[in-house]
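These values consider heavy atoms only, across backbone and side chains, with no hydrogens, waters or symmetry-generated copies. First the proteins, then the strands, lettered A, B, ... as listed; each starts at 1. Quick caveat, the model's predicted, so the values are computed rather than measured.
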Number of protein chains: 2
Amino acid sequence: MSASKRDELIQKALNIFYRDGFHATGMDKIVKETGISKTSMYKHFRTKDDLIIATLRLRDELFRNQIFRRVEELGKTPKDQLLALFDVLDEWINGVEFNGCMFIKASGEYPLHSSPIHATAAEHKKLFLGFMLDIATQAGAKNPNELAEQLLLLKEGAIVTAHIRGPEGVIAPARAAAALLIDAQID
Amino acid sequence: MSASKRDELIQKALNIFYRDGFHATGMDKIVKETGISKTSMYKHFRTKDDLIIATLRLRDELFRNQIFRRVEELGKTPKDQLLALFDVLDEWINGVEFNGCMFIKASGEYPLHSSPIHATAAEHKKLFLGFMLDIATQAGAKNPNELAEQLLLLKEGAIVTAHIRGPEGVIAPARAAAALLIDAQID
DNA sequence: ACATACATGTACCGATCAGTACATCTTAAC
DNA sequence: GTTAAGATGTACTGATCGGTACATGTATGT
């Protein structure tokens with residue numbers, strides 16, 4: 001299977017898993033919706049779980065790159081970027097394809113910490129926290145570890161709440177809370 | 001089926017769904033682990049989805065009662081109770097049976113807002129927000145709606161993060177953030 | 001002993017599941 | 001034309017899925 005076919009499979013499978021869930025999506029549905037044959041799929045992925053992990057890794061890469069880029073566009077200084085995260089979240093949760101956090105869903109469906117799928121979701125969160133920590137450090141936060149963690153918790157809470165309830169009335173209080181926390185640590 | 005048998009089924013099914021997920025749990029597994037026959041199950045629940053909804057409703061009741069009681073035990077004043085929520089969360093996420101939020105999992109596996117299961121999860125969140133709003137109002141918050149929402153977002157973020165990464169280093173920053181937000185609104 | 005209510009046990013239905021096997025097709029290079 | 005690589009299509013395996021049907025067992029009241 002060519003690399004481009006493999007990438008196409010992962011991208012399309014990602015969209016289906018994100019929309020419908022992991023257990024609720026069988027391999028036959030993926031065949032039907034991607035137009036890629038089952039034989040081809042099993043040429044690149046030993047198991048369905050391996051395909052799921054590949055989709056999570058792609059999602060991690062696309063997601064962090066997108067957020068990083070957007071946050072840099074919207075925020076001129078590191079301090080501004082910390083707050084800009086919530087503007088980026090606002091754009092996302094109000095988008096038509098918003099369906100919550102793929103990693104939260106993955107760890108919900110694969111709850112054991114020993115599961116490679118759960119581990120991949122945990123890895124994403126770790127990387128994202130590192131991303132936040134970098135910016136908080138650059139912004140001169142008094143306790144960048146704490147601030148990064150707090151902003152991450154608000155982010156996760158906002159995403160989950162927007163997914164369950166809908167996006168209304170979620171980002172404004174999150175952003176206000178973030179502003180307060182940021183101002184408490186950064187001049 | 002007697003009421004007590006029905007309650008037993010719901011309680012046991014709740015534990016299984018919470019531990020293993022909804023789609024990953026078939027009716028035969030529930031039969032095997034509860035010792036209740038399939039015929040009996042279908043005497044009280046038209047469908048598996050109906051059983052899931054019953055487990056979510058029970059979970060909502062037990063959860064809110066438990067949190068409410070514990071928060072009142074740990075916090076003398078409404079202001080203290082707002083912060084005490086995070087101590088209660090700390091107890092929960094460090095417990096051996098902690099497996100994240102059942103409602104977040106449910107809405108993850110049933111993403112459509114039109115799904116009765118998703119709607120039941122959303123209802124729980126709405127009720128919990130109301131619970132927080134009551135305490136914030138009693139505590140004399142300047143903007144109780146905002147404060148309640150912010151504390152809920154921190155709570156959701158803490159739960160989700162503890163489930164994905166493990167409980168370490170989650171509640172301390174959440175609690176510190178909550179303290180700051182509370183002090184900003186309540187003398 | 002009999003009737004009734006409650007419950008169990010399990011075979012069965014049609015469908016779907018992950019993964020395998022293999023025949024066949026398409027394209028490209030030589 | 002031949003070979004090789006990449007891919008499709010689909011039947012198949014054994015298992016599981018939600019839900020139904022029905023025979024059988026148990027407990028209780030009369």
Side-chain angles (χ1 to χ4, degrees), chain A residues 1-57 105-106 108-112 114-118 120, chain B residues 1-57 105-106 108-112 114-118 120:
Chain A
M1 194 187 231
S2 65
S4 64
K5 201 71 165 176
R6 181 180 187 279
D7 290 344
E8 181 191 350
L9 167 59
I10 299 174
Q11 180 60 69
K12 285 176 166 176
L14 186 164
N15 293 340
I16 302 168
F17 285 136
Y18 181 57
R19 187 190 71 214
D20 299 340
F22 301 95
H23 284 102
T25 300
M27 296 300 268
D28 285 330
K29 182 197 275 190
I30 297 177
V31 164
K32 187 174 291 180
E33 292 197 26
T34 63
I36 296 171
S37 73
K38 192 177 286 189
T39 308
S40 293
M41 290 182 181
Y42 282 98
K43 272 221 173 107
H44 263 272
F45 299 101
R46 277 194 322 109
T47 65
K48 179 185 177 185
D49 279 8
D50 282 355
L51 175 59
I52 291 175
I53 289 168
T55 65
L56 291 177
R57 286 197 171 129
K105 290 166 174 285
E109 290 202 48
Y110 297 87
L112 292 178
S114 56
S115 159
I117 290 170
H118 192 113
T120 306
Chain B
M1 192 188 234
S2 64
S4 63
K5 202 71 167 178
R6 180 179 188 280
D7 289 345
E8 181 191 352
L9 167 58
I10 299 175
Q11 180 61 70
K12 286 179 167 174
L14 186 165
N15 292 341
I16 303 168
F17 285 134
Y18 180 56
R19 186 191 72 214
D20 298 340
F22 301 95
H23 285 102
T25 300
M27 296 300 268
D28 285 330
K29 182 196 275 189
I30 297 178
V31 163
K32 187 173 294 180
E33 294 199 24
T34 64
I36 296 171
S37 75
K38 191 176 286 189
T39 309
S40 293
M41 290 182 181
Y42 282 99
K43 270 217 172 113
H44 263 273
F45 299 100
R46 277 193 323 107
T47 65
K48 180 185 175 185
D49 279 9
D50 282 352
L51 175 59
I52 291 174
I53 289 169
T55 64
L56 290 179
R57 287 200 170 126
K105 290 164 175 289
E109 292 201 48
Y110 297 86
L112 292 177
S114 55
S115 158
I117 290 169
H118 192 113
T120 306

Rounded to the Å, how far apart are [X] [atom1] and [N] [atom2]?
X	N	atom1	atom2	answer
B:M41	D:dT20	CE	C1'	15 Å
B:I30	D:dG19	CD1	P	11 Å
B:M27	C:dT8	CE	P	13 Å
B:K29	D:dA15	NZ	P	18 Å
A:K43	C:dG19	NZ	C1'	15 Å
A:K38	C:dC17	NZ	C1'	8 Å
B:K32	C:dT10	NZ	C1'	13 Å
B:D49	D:dG19	CG	C1'	12 Å

Practice item. For B:K105 and B:F22, indicate whether the former's side chain and the latter's backbone hold a donor-acceptor pair under 3.5 Å. Key: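 It does not hold such a pair.
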Review point. How far apart are the C-alpha atoms of B:L51 and B:F17, what are their side-chain angles, what is the distance that settles it, and do they pass the side chain to side chain contact (heavy atoms under 4.5 Å, CB included) test?
Key: CA-CA 10 Å; B:L51 175 59; B:F17 285 134; 4.2 Å; yes
Exercise for review: Answer yes or no: side-chain N or O of A:T47 and base N or O of C:dA18 forming a donor-acceptor pair under 3.5 Å.
Suggested key: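 Result: no qualifying N/O pair found.
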Exercise for review: Could you check B:T39 against A:Y42 and say which one's nearest nucleotide on DNA chain C is further toward the 5' end?
Suggested key: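 Closer to the 5' end of DNA chain C: B:T39.
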**Study point:** Any A:S37 side-chain N or O less than 4.0 Å from OP1/OP2 of D:dG9
**Key:**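 No, outside the criterion.
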Review point. So, do B:K38 and B:D28 sit near enough that their side-chain heavy atoms are less than 4.5 Å apart?
Key: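 When only atoms from C-beta onward are counted, B:D28 and B:K38 do touch, with a gap below 4.5 Å.
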Review point. Does a salt bridge link B:E33 with B:K29, judged by any charged N lying under 4.0 Å from a carboxylate O?
Key: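 Answer for the salt bridge query: no.
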